[in-house]
Amino acid sequence: MSAPADSSSCLSSVVAMAPLLFGLLVLMASTPGTAASSPLSKTEQRLVAAVDEHAAGSLALLEQVVNMNSGTMNFAGVRAVGAIFRTEFEGLGFTVRWVDGNAFNRAGHLVAERKSAKAGAPKVLLIGHLDTVFEKDSPFQRFETLPGSPARAKGPGVNDMKGGDVIMLLALRALRDAGELDRLSVTAVLMGDEEDSGTPLSLARADLVAAAEHADVALGFEDGDGKFENAVISRRSASGWTLKVTGRPAHSSQIFVEGYGDGAIYEMARILDGFRRELSSEPYLTFNPGVAIGGTAVDFDATELRGTVAGKNNVIAQGAVVTGDLRTLSPEQHDMAVKKMRAIADAHLPQTSAELVFDEGYPPMAPTEGNHRLLALFDQASRDLGMGEVRPVDPRDAGAADISFIATRVPMALDALGLKGTGGHTVDETADLSTLAPQAKRVALLLSRLRSGSK
């Protein structure tokens, strides 16, 4: 379902400057079909035919790259998969470069660009990723077709998201064959660390952000919630926080006594309950304490998210540590939550103190007016192809993704245009191969219908 009105209302600052950019893009006029005619123009019919023509080759490409391990920390594997896609993009006339990831301790990213010579050509950013969650030591390594109908296949990254990368290329190939690709200026960014981001995050996402600076439209090729009838116009943020609390150690008989205070564990409990009481009713906002330890001696490993603690029942706790995540629907909601959480943490119990630190993470992708417009264009393309309506995914069902880093920088953004399936991030990851060609047709038709304001 779409986001509630009160969630969208806080986005006015994001949307305010968008109308100037929205005017650059309009839907190409098309006459609704009748029983004796097609809603597709002759050019669009060529697009559809081109997708069908290249579908078998795209399926073979998918099998090839799924069989190449590209777990995020397998740098050589990520680069090898990137080399395969480099060849594909170069074959379509793109200028391709590899962004070395040494500065942020990852393999790097693939950036492919194809500029149009036509004045006012729509500028499109396509987003994918090369890495998977399955490292070299995973038992899940091979593409495997499954019996039955519809056609399905298991494999590491088959949905998330090598299938999406293949759909991206298939749509571009169809646009080229139909003579439509030259009308667009296209930049494709295939990240090498989406599943386990490099640090600092600002540096690891610098090339993606730069690619979005002048884009009119951004399309992401994740699989979303796995449903062909859905697409993503909003994603919640994903960041972390750490709470460190201190109290005055003393014999337990002195707890709550002036001069000794309430101890670290009571202070930790007060803060967490304050978060729950004051923020739990906010739509789409969640904050989950995942790890909590407290006692007289606390040793916490923030990297491994584990620790050791010691204490006694007759000693007031001296220390406590809590880590958790924070998910918000918009930048405004994120800022509001951080401000309230800090205020709660700062209202200390006697003889205690607390430090609340927020980590760098994935920003939110808010459900802006522009995103709704782009969804409407995609929905119309789907209907004209006879594939039915497309609805927005509930943000609670959409995890974080790289498109969120550029969502406030483009007038229109849409995600979940990849290969559909189930079991992502598990050894049961399975793709519905019957959605490969239809999804590429919808994307190609959407892109072909983008027109700039300049004639």
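Hydrogens, waters and symmetry mates play no part in the numbers below; they use all other heavy atoms, side chains included.
Listed here is the closest heavy atom pair of Ser330 and Pro364: C-CG, 3.3 Å. In this structure, Gly307 and Ile293 approach most closely via the heavy-atom pair CA-CD1, 4.3 Å. Annotation for Tyr362 and Glu194: closest pair OH-O, 3.2 Å, computed over non-hydrogen atoms. For the residue pair Asp165 and Gly128, the shortest heavy atom distance occurs at OD1-CA, 3.4 Å. The minimum heavy-atom distance linking Phe94 with Ala112 is given by the pair CD2-C, 3.7 Å. Among all heavy-atom pairs drawn from Asp325 and Trp241, the shortest one is O-NE1, 3.0 Å.
For the 3.5 Å distance criterion, the side chains of Thr132 and Ser70 fail to qualify, holding no donor opposite an acceptor. When only modelled atom types and interatomic distance are considered, Asn69 and Asn74 share a side-chain donor-acceptor pair under 3.5 Å. Between Thr72 and Asp196, the side chains place no donor N or O within less than 3.5 Å of an acceptor N or O (distance only, hydrogens not considered). Judged purely by distance below 3.5 Å, without hydrogens or angles, the side chains of Thr328 and Ser237 pair a donor atom with an acceptor atom.
Two residues are said to be in side-chain contact when any heavy atoms from C-beta on lie closer than 4.5 Å; Leu181 and Val186 meet this criterion. Side-chain contact between Leu126 and Leu172: present, with at least one pair of heavy atoms (C-beta onward) separated by less than 4.5 Å. Taking 4.5 Å as the limit, every side-chain heavy atom of Thr95 sits out of range of all side-chain heavy atoms of Phe89. Inter-residue side-chain proximity for Val189 and Leu110 is flagged as unmet; no heavy-atom pair is nearer than 4.5 Å. Contact of the Arg152 side chain with the Thr145 side chain is not registered, since no non-hydrogen atoms from C-beta on lie closer than 4.5 Å. Val390 has its side chain out of reach of Asn230: every pair of non-hydrogen atoms, C-beta onward, lies at least 4.5 Å apart.
Checked for salt-bridge contact, Asp225 and Arg391 miss the test: no charged N lies under 4.0 Å from a carboxylate O. A salt bridge links Arg205 with Asp193: at least one charged nitrogen is closer than 4.0 Å to a carboxylate oxygen. Taking a cutoff of 4.0 Å between a charged side-chain nitrogen and a carboxylate oxygen, Asp182 and Lys118 do not qualify as a salt bridge. Between Asp273 and Arg276, at least one side-chain N (NZ, or NE/NH1/NH2) sits under 4.0 Å from a carboxylate O, which counts as a salt bridge. Note on Arg106 versus Asp100: no salt bridge recorded, every NZ/NE/NH1/NH2 to OD/OE distance being 4.0 Å or above. Taking a cutoff of 4.0 Å between a charged side-chain nitrogen and a carboxylate oxygen, Arg342 and Asp346 do not qualify as a salt bridge. Under 4.0 Å is where a charged nitrogen must lie from a carboxylate oxygen, and between Lys154 and Glu429 no such pair does. In this structure, Glu44 pairs ionically with Arg449, as a charged nitrogen and a carboxylate oxygen lie closer than 4.0 Å. No salt bridge links Glu53 with Arg173; every basic N to acidic carboxylate O contact stays at or beyond 4.0 Å. A salt bridge between Arg235 and Asp415 is present, with a side-chain N of the basic residue lying under 4.0 Å from a carboxylate O of the acidic one.
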Original post:
Step by step, would you call Thr286 with Arg236 a side-chain hydrogen bond (donor to acceptor under 3.5 Å, both in side chains)?
Top reply: CA-CA 9 Å; Thr286 57; Arg236 295 192 299 166; 3.1 Å; yes
Original post:
Would Ile84 and Gln64 count as a side-chain contact (heavy atoms from CB on, under 4.5 Å) if you check the C-alpha gap in whole Å, the side-chain angles of each, and the deciding distance to 0.1 Å?
Top reply: CA-CA 9 Å; Ile84 297 296; Gln64 179 186 10; 3.4 Å; yes
**OP:** For His129 and Phe221, run side-chain contact (heavy atoms from CB on, under 4.5 Å): C-alpha distance rounded to whole Å, both residues' side-chain angles, the deciding distance at 0.1 Å, then the answer.
**Re:** CA-CA 9 Å; His129 67 82; Phe221 288 79; over 6 Å; no
Original post:
Would Leu447 and Val443 satisfy side-chain contact (heavy atoms from CB on, under 4.5 Å), going step by step from the backbone distance to the final call?
Top reply: CA-CA 6 Å; Leu447 291 174; Val443 171; 4.0 Å; yes
Subject >> side-chain hydrogen bond (donor to acceptor under 3.5 Å, both in side chains) between Thr368 and Asn371, intermediate numbers included >> reply: CA-CA 5 Å; Thr368 64; Asn371 296 356; 3.2 Å; yes
**OP:** Could you walk me through whether Arg442 and Gln439 pass side-chain hydrogen bond (donor to acceptor under 3.5 Å, both in side chains), step by step?
**Re:** CA-CA 5 Å; Arg442 298 198 298 187; Gln439 190 75 305; 2.8 Å; yes
**OP:** Quick one: do Leu125 and Ile406 satisfy side-chain contact (heavy atoms from CB on, under 4.5 Å)? Show the steps, please.
**Re:** CA-CA 10 Å; Leu125 172 61; Ile406 55 86; 4.2 Å; yes
Original post:
Can you list the steps and then say if Thr242 with Thr323 is a side-chain hydrogen bond (donor to acceptor under 3.5 Å, both in side chains)?
Top reply: CA-CA 4 Å; Thr242 301; Thr323 65; 5.7 Å; no
**OP:** Go through Lys339 and Asp335 one step at a time and tell me if the salt bridge (charged side-chain N to carboxylate O under 4.0 Å, His left out) criterion holds.
**Re:** CA-CA 6 Å; Lys339 183 178 180 180; Asp335 292 345; over 6 Å; no
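In this structure, NZ in Lys420 is found 14.5 Å from CG in Leu433, a value given to the nearest 0.5 Å. The CG atom of Leu450 sits 8.5 Å away from the CG atom of Asp216 when rounded to the nearest 0.5 Å. Distance check, rounded to the nearest 0.5 Å: CG of Leu62 to CG of Leu170 gives 11.0 Å. To the nearest 0.5 Å, atoms CD (Gln380) and CG (Leu385) are separated by 10.0 Å. A distance of 9.0 Å separates CG in Asp432 from OG1 in Thr422, rounded to the nearest 0.5 Å. Annotation: the span from Leu219 atom CG to Met412 atom CE amounts to 11.0 Å, rounded to 0.5 Å.
Side-chain atoms of Glu360 do not come within 3.5 Å of backbone N or O of Pro200 as any donor-acceptor pair. Listed for the Asp223 side chain is no donor-acceptor partner under 3.5 Å among the backbone atoms of Gly226. Put simply, the side chain of His214 never gets that close to the backbone of Ala211: no donor and acceptor are under 3.5 Å apart. Between the Gln45 side chain and the Leu40 main chain, a donor and an acceptor come within less than 3.5 Å of each other. Judged by distance alone, with hydrogens and angles left aside, the side-chain atoms of Glu278 form no donor-acceptor pair with the main-chain N or O of Met341 at under 3.5 Å. A distance-only check finds no donor-acceptor pair linking the side chain of Glu113 to the backbone of Ala188 [under 3.5 Å]. A donor-acceptor pair under 3.5 Å links the side-chain atoms of His109 to the main chain of Gly192, judged by distance alone. A donor-acceptor pair under 3.5 Å is formed between the side chain of Arg114 and the backbone N or O of Leu92. Checking side-chain atoms of Ser58 against main-chain N and O of His54 turns up a donor-acceptor pair under 3.5 Å. Of the possible polar contacts, none joining the Glu195 side chain to the Gly71 backbone as a donor-acceptor pair under 3.5 Å is found.
Ring pair Phe287/Phe275 is perpendicular by interplanar angle, where above 60° counts as perpendicular and below 30° as parallel.
Put simply, the residue from Val393, Leu374, Leu375 that forms a side chain to side chain contact (heavy atoms under 4.5 Å, CB included) with Ile233 is Leu375.
Ring-centre distance between Phe140 and His425: not below the 6.0 Å cut-off.
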